[in-house]
Amino acid sequence: MPFVSIRLAGAATREQKAAIVADVTTSLVTRLGKNPAAVQIVIEEVSTENYGAGGQLLADRDAPVAKGDAYADPRQ
């Protein structure tokens, strides 16, 4: 029985999650010959305030930078 765990940074719509479940199930059926009724998928949405990469929270990385901000990218 395949069990797939997917973590997303941020949120997805119900329709997007349904499509992901359908796509992953189809892939396991096609590639591994699994019974679709046996495929279990869990989607976990992680708040961008609870996820960091490169030393920074994703919520901060994606936030607009105010003019005059000491940490603003000088190329912008």
Quiz prompt | Heavy-atom closest contact (Thr48 atom, Ala9 atom, distance) | solution = CG2-C, 4.2 Å
Exercise. Sorted by first residue and then second, give each side chain to side chain donor-acceptor pair (under 3.5 Å) pair with at least one member in residues 11-24; sequence neighbours left out.
Key: Thr13-Gln16, Lys17-Glu45
Quiz item: Is any side-chain heavy atom of Ile43 closer than 4.5 Å to a side-chain heavy atom of Leu8?
Solution: yes
Self-check item: ILVMFWY cluster, Ile6 and Met1 together (side-chain gap under 4.5 Å)
Solution: no
Quiz item: Should Leu32 and Val39 be counted in the same cluster of Ile, Leu, Val, Met, Phe, Trp and Tyr side chains packed under 4.5 Å apart?
Solution: yes
Quiz item: Any side chain to side chain donor-acceptor pair (under 3.5 Å) pairs touching residues 28-40, not counting sequence neighbours?
Solution: none
Quiz item: To the nearest 0.5 Å, what is the distance between CD (Gln56) and OH (Tyr51)?
Solution: 13.5 Å
Self-check item: Linked, directly or transitively: Ile41 and Val29 (ILVMFWY side chains, under 4.5 Å)
Solution: no
Quiz item: Considering only heavy atoms from C-beta outward, does the side chain of Val4 approach that of Val21 to under 4.5 Å?
Solution: no
Quiz item: Got a sec: does the CD of Glu49 have more than 12 other heavy atoms crowding it under 6.0 Å?
Solution: no
Quiz prompt | For the student: nearest non-hydrogen atoms of Thr25 and Pro36, plus distance | solution = CG2-CB, 3.9 Å
